[in-house]
Amino acid sequence: MNGKAVQFNRHIKKNLRSSALICALFFLLFAVKSAAQESSFDLKAAVSAAQPGAVIDVPAGVYYGDLAVDKPLHLRGEVAADGSRPVIDGQGKGTVVVINAPGVILENFVIRASGNVIDKEDGGITVENAEDVQLLNNRLEDVLYGIRAINAHRLVIRGNYITGKRLDIARRGDGLRLWQSEECLVEGNTVERVRDAIFWFSDGTTVRGNTFHDNRYGVHMMYTDRMTIENNYMLGNSVGAYLMYSKNVLIQGNTFQQNRGPSGYGVALKDMDGVTVQENYYLDNRVGLFFDNSPSSVDISQAIERNVLAFNDIGVLMMPAIKRNILRHNTFLDNLEQVGVKGGGSRPGDELGGNGWDGNFWSDYVGYDATGEGVGDIPYHAESLFENIADRHPNLSLFFFSPAQQAIDFAAKAFPVIKPKPKLTDEFPEMAPVLPTAMPQTTPFQSRMGWLAAGLLIGATAMFVGQLRDRRLVIGNYRTVATTPISQSPILQSPITSTPVLKGDPMLTIKNLTKRYPRPGRAWWSDETITAVDDLTFELPVGTSLALWGVNGAGKTTVLKCLLGLLASEGELRLNGYDLRRDGRTARRFLGYVPQELAFHNDLSVAESCRFYARLKDVSDARIPVVLALVGLTGQEKKAVGALSGGMKQRLALALALLADPPVLLLDEPTSNLDAATRDEFIDLLMELRNGGKTLLFTSHYADEVDRLAERVLILRDGRLVADGVPAEVLGTQRLILGSQSSRIASVTQQLPNSGVFDSLPVVGRHSSVVNYSAEEPIR
Amino acid sequence: MFGFAGFGRTAASLINLVLLIVPLMGLTIGAQSLAGEREQGTLAYLLSQPVSRPELLLGKLVGLGSALLAALLLGFGLSAIVIAWQGGAVEAGRYAMLVALSLLLALATLSLGIFISAWSRSGALAVGLALFAWLLLVFVGDLGLMGTSIAMKLHISTLFSLTLLNPLQVFKIATVNSLRASLEILGPAGIYATRTYGDGLNWLLFGVLAAWIGLPMVGAYIRFQLEGDF
């Protein structure tokens with residue numbers, strides 16, 4: 001906020017600060033001086049000796065005990081050059097100064113250390129049965145009560161600073177307590193950390209330009225007519241001003257800020273009549289202005305005008321059935337609830353209709369002003385279903401600021417059946433705030449919320465757009481690219497950062513490998529399974545190559561996935577001495593895997609993919625050009641993987657498998673995506689790798705591939721090993737049988753003994769193209 | 001100005017916006033992550049590399065979390081630049097707190113999304129479930145709790161505890177608490193929380209958000225370990 005209120009508040013703040021500084025200074029000074037500088041001047045003697053009407057100048061120093069002033073005297077503390085003033089110290093007993101003669105003036109004293117007895121009202125100064133007394137520029141500290149006045153008409157309390165003992169709020173005394181003292185003036189004082197400033201039966205009293213800070217009630221008054229409360233600043237009290245049972249009170253130009261105690265009102269009016277409330281600021285209170293049975297008389301209406309109610313939890317709160325308050329030209333700015341009904345009332349809606357609401361500014365007004373006269377063309381309605389609910393069930397205020405709250409209000413707007421009656425209607429809402437030339441604008445943080453929101457939306461949009469881009473690449477067209485020949489460079493000469501240590505022979509051991517899947521479509525409680533791999537056992541010595549052969553569904557891929565740990569399985573799996581399950585992470589360092597279905601992150605480029613997997617495998621980036629060259633992908637580094645053809649992806653898969661130069665390669669149909677020419681090159685490369693000492697385990701549909709590449713082939717049928725032997729022999733046997741019998745391998749393989757029987761059969765089909773295993777599987 | 005800060009409807013709408021958008025971001029990208037990769041086959045390929053499953057899960061959280069962080073920082077950063085350019089000084093501490101809490105919310109919902117993803121058969125199912133979860137967290141849960149509170153006359157402590165189950169509400173309460181240094185603005189339940197937990201409230205709220213980040217990840221891990229097939 002800025003402008004008038006800010007200046008005012010800054011002013012107060014400055015004063016508070018400087019007075020706190022002075023206070024600290026004084027305290028120090030007195031701590032040093034009090035013992036040494038007990039004044040030789042006898043204050044009590046001087047008072048008793050003085051003639052009525054005399055002026056006594058009291059030198060700085062410390063005076064003890066209770067001082068009674070029973071004749072009209074002007075006691076004037078001398079302010080020393082260092083700013084110190086005379087101190088009257090009550091030594092923790094009773095009331096420090098008691099005045100019971102008219103016309104006494106007490107000026108420039110420090111009064112401290114009263115007694116501590118609540119029911120005796122021990123305090124700093126008591127003025128009793130004495131009129132026209134003036135208390136000026138005194139400082140009261142460490143007192144239970146501050147200034148008490150009983151039958152002290154026309155008392156002037158000006159420029160004093162009053163702070164109470166450091167007590168819990170319930171045990172404090174009042175800072176000011178005026179009882180039956182009419183036409184008093186309380187002006188320019190600062191009162192903090194006391195209970196109340198309370199006025200009883202003190203008609204015509206003016207409270208002006210004071211600061212009430214950290215008290216229970218800033219101003220508390222009862223039965224005090226014609227009171228004026230003007231230009232005060234009430235900050236951080238439980239309640240700013242609680243006014244009760246009085247008539248014709250003017251509340252004007254005050255600022256009530258952050259009064260947020262248990263009741264937490266800026267101003268509360270209880271059984272008041274004829275109150276004028278104008279040009280006040282109510283900022284960030286729990287409730288700005290609270291009406292309880294005010295006005296209480298049926299023939300009186302009250303004017304609430306040109307106030308600013310901003311950032312309060314509730315701007316104006318009324319008990320149900322409050323009537324005859326006329327609110328005009330007030331500014332309701334960003335209160336969480338602009339106007340509320342305490343307890344919700346018995347009839348939802350319309351409890352506030354007995355008041356005048358026309359012609360205020362409402363920050364949540366969504367109308368327009370086509371005629372340009374400064375008044376909205378459609379009425380303002382305060383209607384919110386959630387507010388009504390929260391008025392009735394205050395616990396649900398916990399859900400303020402949540403989308404659910406908005407959902408409730410939205411639902412109320414969409415379905416008029418549940419729409420509440422408006423709490424109030426302003427037929428002529430103003431388009432701009434009225435009073436303040438310098439209205440307390442939104443705080444810096446406030447005004448930036450809009451920008452925050454905008455930024456957030458942009459961030460979210462950026463993210464989702466990024467995701468869309470992702471999708472586009474996935475869908476993206478697979479352009480065919482001229483393939484380059486696969487390099488013939490020997491892979492073992494290429495540099496590599498981490499050379500795996502070979503410690504086991506055989507390289508791969510599989511014992512009793514069994515994999516069972518839940519039977520598809522089984523009931524959830526059933527544990528029916530189908531067996532994909534059944535008790536498979538074999539070993540693979542270092543540097544050998546083995547092919548797994550069988551129809552689709554025979555379990556070839558399943559075996560590879562079990563080895564990779566992608567499928568849970570039973571049996572023993574060891575690679576290079578490591579248990580593939582327990583030490584899978586380490587064991588997989590010795591594996592390069594080319595899957596059958598090539599799946600890469602399509603939005604990455606070839607080079608990015610390589611770098612990503614190089615990091616996963618803990619391999620230097622220097623390996624990347626080597627393996628890319630090896631598979632003939634040089635020059636394709638910048639291409640997105642999603643834009644590669646199937647064949648090029650296959651090459652990429654092999655390149656990635658070779659990144660860490662692993663001793664074992666698992667290849668699942670490694671050439672299935674390649675055209676005939678490339679396939680030959682590819683097989684040559686794999687042969688070279690095998691001849692270079694790699695251990696190969698691969699599955700294939702191609703007889704020639706198996707024949708060329710594998711030293712041994714296992715034939716699987718329904719997950720069981722049905723044949724094991726040298727490819728030429730096993731494959732040849734199959735061709736022979738296939739040719740003479742049926743096309744269904746089912747019948748074929750069932751007749752195959754385990755191994756060794758077909759050794760004498762002739763070798764056929766070397767470099768033959770394709771073997772058709774079953775009717776279900778067409779020729780590839 | 002004695003720390004005066006307006007906390008009106010504008011602040012409310014910002015919190016609302018974060019509550020709507022950030023969980024949507026977190027849940028959807030989390031949900032797409034594992035289930036989508038599983039569908040594409042990239043998940044199996046990743047797991048065939050020398051990485052462990054916890055590593056992969058954590059990598060997903062960190063990676064997607066960084067993406068969320070970048071998006072949030074982009075959003076909040078742009079705002080900060082515009083604000084500064086307009087000549088206002090950004091209240092750095094408060095601003096950073098809001099960003100930090102938004103990020104925690106993003107991570108919590110991301111973690112929940114990953115959890116959903118881990119247990120879903122397909123990417124489409126995961127995203128559907130994530131949207132359902134979003135609806136549940138944003139609207140249905142709170143509305144249900146409001147109704148329950150009215151119907152059963154829930155004790156204020158019960159109401160507050162139940163509210164803490166929703167990470168969105170935890171974010172909201174923590175944001176209000178950091179902007180206001182108190183929850184009294186949230187009515188009796190807020191005052192109850194402030195009085196009951198005092199300075200511990202922030203830790204409680206941070207703890208709940210941290211649990212919302214951690215527990216779904218544990219759930220996702222359990223799914224990975226229980227059913228090891230990919």
Side-chain angles (χ1 to χ4, degrees), chain A residues 6 9 13 235 257-258 260 283-284 286 310-311 313 334-336 364 390 393-404 406-407 442-446 448-460 462-463 467 564-568 585 588-589 593 595 597 599-601 613 616-617, chain B residues 1-2 4-21 25 29 40-42 44-45 47-52 67 71-72 74-76 78-79 82-83 88 91 94 138-139 142-143 146 149-150 156 159-160 163 169 172 176 184-190 228-230:
Chain A
V6 170
N9 293 335
K13 187 179 177 183
L235 172 72
Q257 184 177 326
Q258 284 173 326
R260 308 194 60 98
L283 309 172
D284 195 21
R286 193 190 296 283
F311 311 126
D313 296 4
D334 249 12
N335 302 290
L336 286 181
D364 56 334
H393 305 280
N395 282 359
L396 297 189
S397 306
L398 185 58
F399 294 95
F400 257 120
F401 312 117
S402 61
Q406 296 198 320
T442 51
T443 61
F445 194 64
Q446 277 279 320
R448 286 163 201 165
M449 291 289 183
W451 288 111
L452 273 180
L456 199 62
L457 280 175
I458 292 172
M463 177 139 185
Q467 285 205 316
L564 287 163
L566 296 176
L567 297 176
R585 187 180 181 282
R588 285 196 292 275
R589 303 185 76 82
Y593 171 52
E597 287 165 16
F600 302 108
H601 296 101
Y613 287 101
L616 282 189
K617 293 169 189 279
Chain B
M1 277 298 303
F2 300 101
F4 170 69
F7 195 82
R9 291 167 181 233
T10 339
S13 42
L14 179 77
I15 293 180
N16 255 311
L17 197 69
V18 172
L19 284 178
L20 286 173
I21 291 179
M25 292 159 76
I29 69 166
Q40 286 178 38
T42 45
Y45 189 56
L47 287 172
S48 74
Q49 307 296 324
V51 291
S52 66
L72 286 177
L74 174 69
F76 282 110
L78 280 179
S79 315
V82 172
I83 291 163
E91 290 159 73
R94 195 178 287 180
V138 171
F139 295 113
D142 287 355
L143 292 176
M146 283 186 216
S149 172
I150 292 175
I156 205 159
L159 177 66
F160 185 74
T163 311
Q169 285 291 346
K172 186 202 78 181
V176 171
E184 57 185 23
I185 204 165
L186 295 177
D229 292 357
F230 288 91

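Reminder, nothing fancy here: chain letters follow the sequence lines and each chain counts from 1.
Contact check for Leu186(B) versus Phe401(A): side-chain heavy atoms found under the 4.5 Å cut-off. Side-chain atoms of Leu159(B) and Phe399(A), non-hydrogen and from C-beta on, do get closer than 4.5 Å to each other. Contact annotation: the side chain of Ile185(B) approaches that of Arg260(A) to within less than 4.5 Å [non-hydrogen atoms, C-beta and beyond]. Looking at heavy atoms from C-beta onward, Ile156(B) lies out of side-chain contact with Leu398(A) at the 4.5 angstrom threshold.
Chosen from Leu72(B), Ile150(B), Leu74(B), the residue pairing most often with chain A at heavy-atom distances under 4.5 Å is Ile150(B). Ranking Ala67(B), Ala44(B), Ser52(B), Ser48(B) against chain A, the residue ahead of the rest is Ser48(B), based on heavy-atom pairs under 4.5 Å. Between chain A and the residues Gly190(B), Gly187(B), Pro188(B), Gly41(B), the largest count of heavy-atom pairs under 4.5 Å involves Pro188(B). Considering only heavy-atom pairs separated by less than 4.5 Å from chain A, the leading option among Val18(B), Leu20(B), Val51(B) is Val51(B).
Residues Ser402(A) and Leu19(B) come closest through the heavy atom pair CA-CD1, 4.1 Å. The nearest pair of heavy atoms linking Leu47(B) to Arg588(A) is O-NE, 3.2 Å. For Phe139(B) against Pro403(A), the heavy-atom pair with the smallest separation is CE2-O, 3.4 Å. Nearest approach of Tyr45(B) to Tyr593(A), heavy atoms of both residues: CE1-O, 3.8 Å. The two residues Arg585(A) and Pro50(B) make their nearest non-hydrogen contact at O-CB, 3.4 Å. Considering all non-hydrogen atoms of both residues, Asp142(B) and Ala404(A) come closest at CB-CB, 3.5 Å.
Contacts between His601(A) and chain B at a heavy-atom distance below 4.5 Å involve backbone atoms as well as side-chain atoms. With a 4.5 Å cut-off on non-hydrogen atoms, Gln169(B) touches chain A through its side chain but not through its backbone. Contact annotation for Thr163(B): only side-chain heavy atoms (C-beta onward) come within less than 4.5 Å of a heavy atom of chain A. Residue contact with chain A, scored on non-hydrogen atoms closer than 4.5 Å, involves the side chain of Ile21(B) exclusively. For Ser149(B), the part sitting under 4.5 Å from any heavy atom of chain A is the side chain, from C-beta outward, and nothing else.
Rounded to the nearest 0.5 angstrom, Phe600(A) CZ and Gln40(B) CD are separated by 12.0 Å. Of the inter-residue distances, the one linking Gln49(B) atom CD with Leu564(A) atom CG reads 9.0 Å to the nearest 0.5 angstrom.
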